[in-house]
There are 2 protein chains.
Amino acid sequence: MKLRRVGEDALLASLLRQLPGSRKLIGDDCAVVEFPGAKNLLVLKTDCVVEKIHFTSATDPELVGWKAMMRPLSDFAAVSATPQFALITLIVPAARSTTWVHKLYRGLKRAAARFDVAIVGGETSATRGAAVVSVSISGVVEKNRSVSRAGGKRGDDLFVTGRLGGSLRGKHLRFVPRIEESRWLTKHFRVHAMMDLSDGLGADLPRLAKASGLGFKIDKDALPLAPGAKIDNAISDGEDYELLFAVSPRDRARLERSWRKKFSKLPLTRIGSLTQRLNNSTSQLLRRGYVHFQ
Amino acid sequence: MKLRRVGEDALLASLLRQLPGSRKLIGDDCAVVEFPGAKNLLVLKTDCVVEKIHFTSATDPELVGWKAMMRPLSDFAAVSATPQFALITLIVPAARSTTWVHKLYRGLKRAAARFDVAIVGGETSATRGAAVVSVSISGVVEKNRSVSRAGGKRGDDLFVTGRLGGSLRGKHLRFVPRIEESRWLTKHFRVHAMMDLSDGLGADLPRLAKASGLGFKIDKDALPLAPGAKIDNAISDGEDYELLFAVSPRDRARLERSWRKKFSKLPLTRIGSLTQRLNNSTSQLLRRGYVHFQ
């Protein structure tokens with residue numbers, strides 16, 4: 001069977017099932033593991049962007065670099081970890097100009113500096129195929145502030161940061177991961193479950209609900225829409241890189257009030273709640289977002 | 001200017017010069033950094049293999065996976081660190097068979113299991129270009145056992161493990177990194193400088209000498225040759241994945257004796273010594289090994 005008929009989720013799931021007993025604690029968005037002799041947890045994430053799949057040869061290489069760094073950093077926001085170190089792999093056609101590579105690298109550097117991440121290693125290779133930029137991030141999270149997709153409770157309010165939809169019109173190359181917001185959230189509130197929205201609410205919310213063993217209901221009319229976006233865009237476009245998280249409804253008033261004070265320019269919107277496990281017909285109300293290999 | 005005219009070393013050096021003040025302690029083979037609240041050091045390394053550059057479409061995918069995992073693990077041997085966690089990025093043409101991917105993954109898993117490394121994360125992407133397997137490893141080393149290329153002292157003996165040359169006849173796809181040997185060495189001896197031989201002694205030894213601010217002399221006739229290899233092969237072929245290290249001549253007798261007892265099947269050979277800094281004519285006696293982009 002060809003890969004494109006399997007789908008990325010299915011392939012990854014199938015590969016991960018083969019793994020021997022893992023020392024990973026949680027690991028939807030990042031791997032969160034013990035580090036010998038430390039009381040904090042080590043957090044690891046790798047991500048890549050591929051020419052002709054995630055960007056075109058005409059895309060400004062500085063924005064490609066920015067995005068390549070910010071994508072895995074968005075996963076650090078998802079688990080409320082502080083990123084610290086980056087390793088970068090550049091796979092570049094030998095005929096590409098050094099100017100292109102230097103601009104790409106400038107984007108990577110600017111993005112890393114935005115979150116005080118040190119680029120501590122690099123690997124380059126030629127290729128006869130498409131350019132690839134792969135970034136691996138390591139960092140740290142306190143044991144009592146690490147969040148996964150799996151801790152949602154029945155009745156929790158579901159919130160999203162920012163506005164959804166239409167990312168491909170530009171945001172997907174210029175977004176700033178919600179690390180500061182996520183760190184603030186876990187400092188001041190009990191966040192039961194959280195993730196970053198990369199494949200679109202329609203694909204990602206069912207994953208959070210499923211990981212928590214629950215269903216969900218959302219108020220589509222409440223979805224915060226990016227300028228020019230419609231509800232379908234907010235559900236299906238993907239690449240929003242906003243936070244989706246679940247907190248107890250008892251925290252709602254205090255959360256909304258202190259959020260407005262702290263992040264006055266960034267909307268925080270209650271879009272629905274976690275419910276008992278859904279039956280299939282209800283869960284299919286949300287269309288799936290973009291999935292690789294399909 | 002095109003990349004192929006610059007060369008990988010020059011490109012990396014140029015990019016790394018641009019980096020802001022780095023928190024990296026050493027970093028030729030791996031990045032070795034502080035981890036918050038831990039007394040051991042965090043060790044990071046990423047490496048990739050690219051189809052049509054490092055392997056062909058006809059190469060057994062299980063061996064491709066083995067090599068992709070073992071290459072960065074060889075860098076852990078270089079700094080005497082214990083690898084712990086792996087993140088894997090697979091970039092695969094959508095028309096490739098799932099059988100190919102599963103075999104590749106079996107090779108990755110077997111190699112990781114050989115050193116008790118847990119695969120804790122994965123990322124897959126389609127591509128319209130060549131397949132890429134990128135592996136990022138994190139691990140740990142005690143502060144007093146971390147070794148770099150830079151600590152060699154004038155008069156130190158230079159040793160290599162195993163036999164050199166001819167790796168492309170098969171060893172490059174099946175080698176076992178010298179992690180056990182390296183950990184034993186730093187447990188029982190003061191290793192002043194160490195690296196793994198990936199580009200060939202002719203390219204790698206000058207790097208170790210330069211990092212230590214020294215020159216070197218070698219006895220070419222003493223080089224341990226793989227079956228069928230000649231001296232030129234031992235110097236220039238590359239992909240030996242053996243250790244090259246420097247220790248005080250005062251340790252020579254005890255090292256040779258206890259090595260033979262511990263690793264009876266693996267030769268350890270004194271190939272020369274570190275000297276005062278070389279002038280250019282002498283340093284060019286060694287031909288350079290394989291360098292990407294050239």
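Order of the sequence lines fixes the chain letters, A, B, ..., with proteins taken first and strands second; residue numbering starts at 1 for each chain. Keep in mind that this is a model prediction, so the values were computed, not measured.
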- Based on non-hydrogen pairs under 4.5 Å, which of B:Ala112, B:Pro36, B:Ala131 is most in contact with chain A?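 Looking at each of B:Ala112, B:Pro36, B:Ala131 in turn, B:Pro36 comes out on top.
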
- For each of B:Cys48, B:Gly37, B:Gly139, tally heavy-atom pairs with chain A at distances under 4.5 Å, and name the one with the top tally.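 Most heavy-atom pairs under 4.5 Å with chain A: B:Cys48.
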
- Engaged part of A:Ser138 at the chain B interface, taking heavy atoms whose separation is under 4.5 Å: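 A:Ser138 touches chain B through side-chain heavy atoms alone.
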
- By a 4.5 Å heavy-atom criterion (distance strictly below it), what part of A:Leu44 contacts chain B: side chain, backbone, both, or neither?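 For A:Leu44, backbone and side chain are both near chain B.
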
- Query: Can you tell which of A:Ile91, A:Asn40, A:Ile88, A:Val49 has the highest number of heavy-atom pairs within less than 4.5 Å of chain B?
  - Reply: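 Heavy-atom pairs under 4.5 Å are most numerous for A:Ile91.
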
- Message: Assess the residue pair A:Glu34 and B:Gln84 against the criterion (side chain to side chain contact (heavy atoms under 4.5 Å, CB included)); give the C-alpha distance rounded to whole Å, side-chain angles, the decisive distance to 0.1 Å, and a yes or no.
- Response: CA-CA 10 Å; A:Glu34 304 265 4; B:Gln84 299 183 294; over 6 Å; no

- Message: Is the shortest side-chain heavy-atom distance between A:Ser125 and B:Ile53 below 4.5 Å?
- Response: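 SC-SC contact between A:Ser125 and B:Ile53 confirmed.
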
- Query: Is any side-chain heavy atom of A:Thr127 closer than 4.5 Å to a side-chain heavy atom of B:Val132?
  - Reply: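 No. Closest side-chain heavy atoms not under 4.5 Å.
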
- What heavy-atom pair brings A:Phe35 and B:Leu41 nearest, and what distance separates the two atoms?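 It is CZ-O, 3.7 Å.
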
- Message: To check you understand the geometry: which heavy-atom pair defines the closest contact between B:Ser136 and A:Thr46, and what is its length?
- Response: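 B:Ser136 and A:Thr46 have their closest heavy atoms at OG-OG1, 4.5 Å.
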
- Task: Under the ring-ring contact (aromatic ring centres under 6.0 Å, His included) rule, collect the residues that match up with A:Phe175, sequence neighbours excluded.
- Result: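 Testing A:Phe175 for ring-ring contact (aromatic ring centres under 6.0 Å, His included), a comparison that skips the adjacent residues, returns A:Tyr241.
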
- Report the distance from atom SG of B:Cys30 to atom CG of A:Leu87, rounding to the nearest 0.5 Å.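 That separation rounds to 9.0 Å.
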
- Task: Would you list the pairs meeting salt bridge (charged side-chain N to carboxylate O under 4.0 Å, His left out) in which at least one residue belongs to residues 49-70 of chain A, sequence neighbours left out?
- Result: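 The answer is A:Glu51-A:Arg96, A:Glu62-A:Arg106, A:Glu62-A:Arg110, A:Lys67-A:Glu239.
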
